[in-house]
A.B. asks: 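Take a look at the following structure, please.
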Amino acid sequence: MELTFWRNLAALDFFRWKTSQNSGPTAGVGEKREHLYKILVIGELGAGKTSIIKRYVHQFFSQHYRATIGVDFALKVLNWDQHTIIRLQLWDIAGQERFGNMTRVYYKEAVGAFIVFDVTRSATLDAVVKWKQDLDSKVQLPDGSAIPCVLLANKCDQQKEGLVNSPNKMDEYCKDKNFSGWFETSAKENINIEEAARFLVNKILQNDQIIKGNGAQEQSDGERFALNQSPTNTKKSCSC
Ligand code: GTP
Ligand code: MG
């Protein structure tokens with residue numbers, strides 16, 4: 001356990017260094033643009049954060065539960081379009097960290113987040129608001145606004161409990177709590193994880209363009225296509 005902690009700490013330093021080396025997109029003539037984005041994955045214990053990341057990055061799922069200690073990392077490389085490579089640095093923060101005092105350190109320089117809850121346990125949805133408050137109070141975009149955050153209703157391959165049974169109420173909930181959107185996901189059945197990630201990356205790219213003042217002209221065809229996909233449309237394709 002101690003070994004894991006030190007390994008993670010070393011990785012944390014490495015990623016911090018990497019982030020500072022890649023503060024913006026880079027592109028020369030005929031070269032590809034590269035973006036490095038730090039994304040947080042937070043939520044209650046056992047909600048499925050690690051499983052979602054493993055599915056997204058390694059196409060792997062296990063029923064076996066081993067609680068994350070502190071924080072873990074994964075890197076997902078997206079060939080976004082023919083001119084753009086996006087590297088997503090995924091920070092998998094242990095559910096138990098809500099009661100610790102490290103989240104401020106972990107959240108630093110993040111530009112997007114997923115908050116995950118377990119649809120079979122409504123108590124994990126009750127805790128979502130506490131995670132959102134923790135997030136918004138500790139990390140902001142350079143202009144002071146909240147970082148885009150997408151709510152993931154995970155384990156939708158199972159019987160749902162509470163509010164998540166009413167999509168309209170969930171829409172209202174997200175609007176009220178300032179989520180960019182929400183998706184029903186299943187790490188087990190590989191439902192909606194890619195879609196949710198694409199949705200969040202689009203939000204991040206939009207913010208990047210606003211901040212850098214590049215405007216809509218820099219939007220690629222791929223982005224324009226994805227921006228037209230609302231989370232609601234994607235949800236309909238969910239077989240839950
Ligand atoms: P902490 O690290 O303690 O914060 O938990 P976590 O949020 O990382 O949860 P984890 O991914 O370890 O998953 C907890 C348990 O839920 C494991 O037994 C997983 O196999 C199971 N699980 C995760 N996602 C799904 C899913 O989509 N469907 C089903 N049926 N089980 C899932
Ligand atoms: Mg975990």
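In each ligand, atom 1 is the first atom listed, and ligand 1 is the first ligand listed.
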A.B. asks: Does atom NZ (K138) have a neighbourhood of more than 12 heavy atoms from anything else shown, all under 6.0 Å?
C.D. replies: yes
A.B. asks: Provide the closest heavy-atom pair for D92 versus K49 in the form atom of the first, atom of the second, distance.
C.D. replies: OD1-CB, 3.8 Å
A.B. asks: If you count the atoms of ligand 1 from 1 in the order shown, which ones are under 4.0 Å from a heavy atom of T50?
C.D. replies: 8 (O), 11 (O)
A.B. asks: Starting from atom 7 (O) of ligand 1, what is the nearest protein heavy atom, named by residue and atom, and what distance separates them?
C.D. replies: K49 NZ, 2.6 Å
A.B. asks: Please determine whether T50 has a backbone or side-chain N, O or S atom lying under 2.8 Å from the Mg ion (ligand 2).
C.D. replies: yes
A.B. asks: For atom 5 (O) of ligand 1, what's the nearest protein heavy atom and its distance?
C.D. replies: G46 N, 2.9 Å
A.B. asks: Counting non-hydrogen protein atoms only, what is the nearest one to atom 11 (O) of ligand 1? Give residue, atom name and distance.
C.D. replies: S51 OG, 2.6 Å
A.B. asks: Which bit of S186 is near ligand 1, meaning a heavy atom under 4.0 Å away: side chain, backbone, both or neither?
C.D. replies: both
A.B. asks: Would you say that more than 12 heavy atoms from the other residues, nucleotides or ligands in this model lie under 6.0 Å from the CD of Q59, or not?
C.D. replies: yes
A.B. asks: For ligand 1, indicate whether the residue D157 contacts it via side chain, backbone, both or neither (heavy-atom separation under 4.0 Å).
C.D. replies: side chain
A.B. asks: Identify, by atom number and element, the atoms of ligand 1 in contact range of A67, meaning under 4.0 Å from any of its heavy atoms.
C.D. replies: 2 (O), 3 (O)
A.B. asks: Please evaluate residues E97 and V71 with respect to the criterion side chain to side chain contact (heavy atoms under 4.5 Å, CB included), reporting the C-alpha separation (whole Å), side-chain torsions for both, the decisive distance (0.1 Å), and the verdict.
C.D. replies: CA-CA 9 Å; E97 286 296 309; V71 61; over 6 Å; no
A.B. asks: Taking all atoms of both residues into account, what is the closest heavy-atom pair of I193 and A187, and its distance?
C.D. replies: CD1-CA, 3.6 Å
A.B. asks: For ligand 1, is any non-hydrogen atom under 4.0 Å from Q158's backbone (N, CA, C, O), its side chain (CB onward), both, or neither?
C.D. replies: side chain
A.B. asks: In the protein, which heavy atom is nearest to atom 3 (O) of ligand 1, and how far is it?
C.D. replies: Y65 OH, 2.5 Å
A.B. asks: Judged by atom type as modelled, is there a donor-acceptor pair below 3.5 Å linking the side chain of K155 to the main-chain atoms of G48?
C.D. replies: no
A.B. asks: Is the shortest heavy-atom distance from the side chain of L205 to the side chain of I86 under 4.5 Å?
C.D. replies: yes
A.B. asks: With heavy atoms only and a cut-off of under 4.0 Å, state how C156 meets ligand 1: side chain, backbone, both or neither.
C.D. replies: neither
A.B. asks: Side-chain heavy atoms nearer than 4.5 Å, only ILVMFWY residues, links allowed to pass through others: does that put L151 and L163 together?
C.D. replies: yes
A.B. asks: Who's the nearest protein heavy-atom neighbour of atom 18 (O) of ligand 1, and how far?
C.D. replies: Q63 O, 2.6 Å
A.B. asks: Is the closest N or O pair between G43 and ligand 1 shorter than 3.5 Å?
C.D. replies: no
A.B. asks: Consider every N or O of R66 and every N or O of ligand 1, then say whether any pair is closer than 3.5 Å.
C.D. replies: no
A.B. asks: With heavy atoms of S62 as the reference, note each atom of ligand 1 found under 4.0 Å away.
C.D. replies: 19 (C), 20 (O)
A.B. asks: Does this structure show an ion pair linking K160 with E184, if we count only N-O contacts that are shorter than 4.0 Å?
C.D. replies: yes
A.B. asks: Specify side chain, backbone, both or neither for T185, according to which of its non-hydrogen atoms lie closer than 4.0 Å to ligand 1.
C.D. replies: neither
A.B. asks: To check your reading of the model: name the closest protein heavy atom to atom 24 (N) of ligand 1, its residue, and the distance in Å.
C.D. replies: N154 ND2, 3.2 Å
A.B. asks: Just need the protein heavy atom nearest to atom 27 (O) of ligand 1, so name the residue and atom and give the distance.
C.D. replies: A187 N, 2.8 Å
A.B. asks: Measure the distance from atom 16 (O) of ligand 1 to every protein heavy atom, then report the residue, atom name and distance (to 0.1 Å) of the closest one.
C.D. replies: K155 NZ, 3.0 Å
A.B. asks: Is the shortest side-chain heavy-atom distance between Q89 and L36 below 4.5 Å?
C.D. replies: yes
A.B. asks: Looking only at heavy atoms, which two atoms of L135 and Y107 are closest? And how far apart?
C.D. replies: CA-CE1, 3.6 Å
A.B. asks: Surrounding NZ of K76 (heavy atoms of other residues, nucleotides or ligands, distance under 6.0 Å), is the total greater than 12?
C.D. replies: yes
A.B. asks: Can you check whether A47 has an N/O within less than 3.5 Å of an N/O in ligand 1?
C.D. replies: yes
A.B. asks: Identify, by atom number and element, the atoms of ligand 1 in contact range of A94, meaning under 4.0 Å from any of its heavy atoms.
C.D. replies: 4 (O)
A.B. asks: Should E44 and D118 count as side-chain neighbours, where that means a heavy-atom distance under 4.5 Å?
C.D. replies: no
